[in-house]
Student: 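Structure in structure tokens, see below.
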Amino acid sequence: MSENKGKLAIYWAASCGGCEISILALNEKILDVTAAFDIVFCPCIMDTKARDIEKIPDKGIDVCLFNGSIRTSEQEYMARLLRQKSKVLVAFGSCAHEGCIPGLANVSNRDEIFETCYLDGPSTDNPAGTLPQPEVQVNGCHLTLPVFYDTVRTLGQTVEVDYYLPGCPPEAARIWDALVAILEGKLPPAGSVIGAETTVCDECKRTREEKRIKEFKRTWQIIPDAEKCLLEQGLLCCGLATRAGCGALCPQVNSPCIGCYGPNAGVEDFGCRMMTALASVIDSTDPDEIERIIEEGIPDPVGTFYRFSLAHSLLRRSALVPDIQRHELPLPGAGAERSS
Ligand code: SF4
Ligand code: SF4
């Protein structure tokens with residue numbers, strides 16, 4: 001460890017590990033990262049434990065890239081611990097920023113998830129109906145597991161976050177931009193999303209004419225024209241509601257944007273923005289026809305409009321009946337991000 005280097009922590013909570021892969025995609029620039037920072041904590045690549053972080057003085061970590069949403073008591077503990085120990089806490093990637101795919105489980109509650117995973121799965125063999133317990137005695141030993149909450153929360157709904165770096169995962173070039181901005185002290189105001197304010201449509205090179213949609217098509221139903229706007233061809237491309245930053249990667253390869261960078265600046269709820277945008281391009285005034293176009297073309301509205309942002313949305317989750325609220329994470333003292 002060098003006295004002159006900054007200290008960097010990288011943590012994963014409820015996430016897939018793609019954000020760590022994206023750090024590796026910095027390629028040779030990773031050497032510049034290690035020249036500037038000592039990595040003091042990164043469970044993905046180093047055998048470091050929570051107790052190592054507990055020993056670090058408060059604010060002894062310069063930057064923490066925290067990816068993953070908050071699903072369990074252990075993840076909540078690590079979020080609070082890393083907040084306490086870090087000068088700059090970055091919600092790194094879509095799961096920490098908006099809940100992302102883990103947040104889609106907010107259409108269910110803990111009991112329903114446990115039923116599907118441990119009791120009803122087609123490959124499950126669990127005749128005793130054993131479910132994970134937070135505490136259990138085995139041969140005189142007291143064993144514990146983290147508590148599994150009913151609701152997935154974003155990092156910003158759990159602790160105060162300094163910056164948000166969107167994307168599933170964030171593009172390596174954007175990670176580099178953020179690290180350079182941190183090193184050079186050129187960060188936007190605290191609470192900002194680091195990145196562009198415009199939309200993926202602004203980065204997309206496809207030609208656009210008038211959008212008038214009679215039918216939404218699934219990606220497997222057509223081979224789209226490689227030059228024309230995908231939405232104008234009936235594919236549900238979310239570029240018009242999604243923050244720029246990736247360079248319109250998906251439309252570049254004939255695939256619609258599914259919104260992984262979250263809403264662009266000034267938009268509070270990604271799904272609402274997408275739904276209002278689509279409402280203005282459906283080419284019908286007949287309520288029955290409009291209903292048919294939507295029902296046939298968008299069979300999974302929650303997965304389509306809130307794939308990355310359900311936990312962060314105005315809806316946040318499906319309603320919980322009172323008797324299962326015992327698994328809920330206590331209400332946060334949270335901050336929501338400001339638009340950059
Ligand atoms: S809707 Fe999609 S395909 Fe059309 S311009 Fe925007 S990003 Fe490109
Ligand atoms: S085009 Fe959309 S879904 Fe694809 S990487 Fe960019 S923001 Fe994510």
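Remember, it's 1-based here, ligands and their atoms both numbered in the order they're listed. Everything quoted here is computed from the prediction, not taken from an experiment. What you see below is based on every heavy atom in this structure, not just the backbone, and it leaves out hydrogens, waters and symmetry mates.
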Student: Just the protein N/O/S atoms under 2.8 Å from atom 8 (Fe) of ligand 1, please, no waters.
Tutor: C204 SG
Student: Would you please name every residue forming a side chain to side chain contact (heavy atoms under 4.5 Å, CB included) with K228, sequence neighbours left out?
Tutor: T207, D225, Q233
Student: What's the shortest distance from atom 8 (Fe) of ligand 2 to any protein heavy atom, and which residue and atom give it?
Tutor: C260 SG, 2.4 Å
Student: Between N106 and T151, is there a donor-acceptor pair closer than 3.5 Å when you use the side chain of the first and the backbone of the second?
Tutor: no
Student: At what distance is the nearest protein heavy atom to atom 3 (S) of ligand 2, and which residue and atom is it?
Tutor: I258 N, 3.3 Å
Student: Which of the numbered atoms in ligand 2 are under 4.0 angstrom from any heavy atom belonging to G259?
Tutor: 2 (Fe), 3 (S)
Student: Is the shortest distance from a Lys or Arg side-chain nitrogen in D62 or K87 to a carboxylate oxygen in the other one below 4.0 Å?
Tutor: yes
Student: Enumerate the salt bridge (Lys or Arg N to Asp or Glu O under 4.0 Å) contacts for residues 293-307, please, sequence neighbours excluded, ordered by first and then second residue.
Tutor: R292-E296
Student: Would you find a donor on one side and an acceptor on the other, under 3.5 Å apart, between the side chain of R243 and the backbone of V200?
Tutor: no
Student: Taking K49 first and then D52, would you say they form a salt bridge - that is, a charged N and a carboxylate O separated by under 4.0 Å?
Tutor: no
Student: Check ligand 2 against T242 and write out every atom of the ligand that is under 4.0 Å from a heavy-atom position of the residue.
Tutor: 7 (S)
Student: So, the side chain of T34 versus the backbone of L31: is there a donor-acceptor pair under 3.5 Å, distance only?
Tutor: yes
Student: Are any of the side-chain heavy atoms of F114 and P132 separated by less than 4.5 Å?
Tutor: yes
Student: What pairs meet the side chain to side chain donor-acceptor pair (under 3.5 Å) rule with one or both residues in residues 267-285, with sequence neighbours excluded?
Tutor: R212-D283, D269-Y306, S284-E289
Student: Could you check atom 4 (Fe) of ligand 2 against the protein and tell me its nearest heavy-atom contact, residue, atom and distance included?
Tutor: C250 SG, 2.3 Å
Student: Check ligand 2 against Y261 and write out every atom of the ligand that is under 4.0 Å from a heavy-atom position of the residue.
Tutor: 7 (S)
Student: What protein heavy atom sits nearest atom 6 (Fe) of ligand 2, and how far away is it?
Tutor: C246 SG, 2.2 Å
